[in-house]
Amino acid sequence: MGRLSPVDTVDTDSYVPGRHQWPPGEDAASAVTALYRAHALGLIRIALLMLGDRGAAEDVVQDAFLGVYRRWQGLNEPAKAEVYLRSAVFNGCRDALRRQSRRRRPNWLAAMDLGEPPSAEAMALISEDRRRLLAGLRLLPVRQREALVCRFYLELSEEETARAMDVSRGTVKSTTSRAVAALGRMFREGLC
C-alpha cells in the first residue's frame with residue numbers, strides 16, 4: 001500500500017538529507033506557529049483515534065509540524081500546509097502502528113484496552129457507546145480505520161478521502177462500507 005505523498009505541495013528537490021540548509025526563518029516560525037494554534041488539537045485527535053495512545057499521538061503530530069517547519073521554504077503552496085500536515089500525521093500513525101506491531105502482537109483484550117482515562121471528570125464525559133465505538137475502531141485494520149476517520153470524523157468527501165489515503169474513490173467506498181459493517185457486527189456480537 002502506498003504512502004501519502006506530499007509531492008503535490010512540497011518541492012522535493014529543495015530538501016536533501018545531509019545537505020546544509022539555512023534555517024527556515026521568521027516567516028516559517030510565524031506561519032507554523034499559527035498553523036499549530038489552529039490545527040494541532042484536531043490533528044492530535046485524529047492521531048489518537050488512529051493510535052489509541054495520547055503520548056504517541058502527540059509525538060506524531062509534533063513530528064508533522066517539525067517536518068513542515070523544516071520544509072517551509074520548499075512548500076509550493078503554503079495554503080496547502082494543512083493538507084500536508086494531515087498526510088504527515090496519517091503517515092506517522094502508520095509508522096507508529098507498524099513499529100508497535102513489530103514489538104508486540106496485541107491480543108484481543110489488549111487491543112480493546114484504550115487505557116485509563118486521564119481523570120474521573122473526563123470519564124464522566126465519555127459515554128458507554130462512545131467507549132464501545134472507540135474500542136471497535138481500534139480493532140479495525142488500519143486502512144478501514146483511516147477511511148472512517150476521514151469520512152465521519154473529518155467529514156471529508158469520498159474524493160478528498162481518496163487523496164488523503166492515496167487510493168481510488170472506489171477503494172474508499174468499499175473500505176468504508178466494510179468498516180461500517182465490521183463495526184456493526186462487533187457491536188451485535190459484544191466484541192466491543
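When atom types are taken as modelled, the side chain of Gln144 and the backbone of Pro141 share no donor-acceptor pair closer than 3.5 angstrom. The backbone N or O of Phe187 lies less than 3.5 Å from a partner atom in the side chain of Arg132, making a donor-acceptor pair. Side-chain atoms of Arg151 do not come within 3.5 Å of backbone N or O of Ala147 as any donor-acceptor pair. Remark: the backbone N or O of Lys173 is not paired with any side-chain donor or acceptor of Ser177 at under 3.5 angstrom.
Distance check: Thr176 OG1 to Glu146 CD gives 11.0 Å after rounding to the nearest 0.5 Å. In this structure, Glu58 CD and Leu43 CG are separated by 12.5 Å, a value rounded to the nearest 0.5 Å. Note that CZ of Arg163 is 12.5 Å distant from CD of Glu158, once rounded to the nearest 0.5 Å. In this structure, Arg145 CZ and Thr175 OG1 are separated by 13.5 Å, a value rounded to the nearest 0.5 Å. The distance from the OG1 atom of Thr161 to the CG atom of Asp166 is 13.0 Å, given to the nearest 0.5 Å. Atom CG in Leu66 sits 4.0 Å away from atom CZ in Arg70 (nearest 0.5 Å).
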For this session: Output, in order, the C-alpha distance, side-chain angles, deciding distance and verdict of side-chain contact (heavy atoms from CB on, under 4.5 Å) for Arg178 and Ser174.
Result: CA-CA 6 Å; Arg178 283 193 306 273; Ser174 62; 3.5 Å; yes
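Leu48 and Leu154 are members of different hydrophobic clusters when ILVMFWY side chains are connected at heavy-atom separations under 4.5 Å.
Looking at heavy atoms from C-beta onward, Val142 lies in side-chain contact with Met50 at the 4.5 angstrom threshold. The shortest side-chain heavy-atom distance between Ile46 and Leu49 does not fall under the 4.5 Å cut-off. Using a 4.5 Å heavy-atom cutoff, the side chains of Arg94 and Arg143 are in contact.
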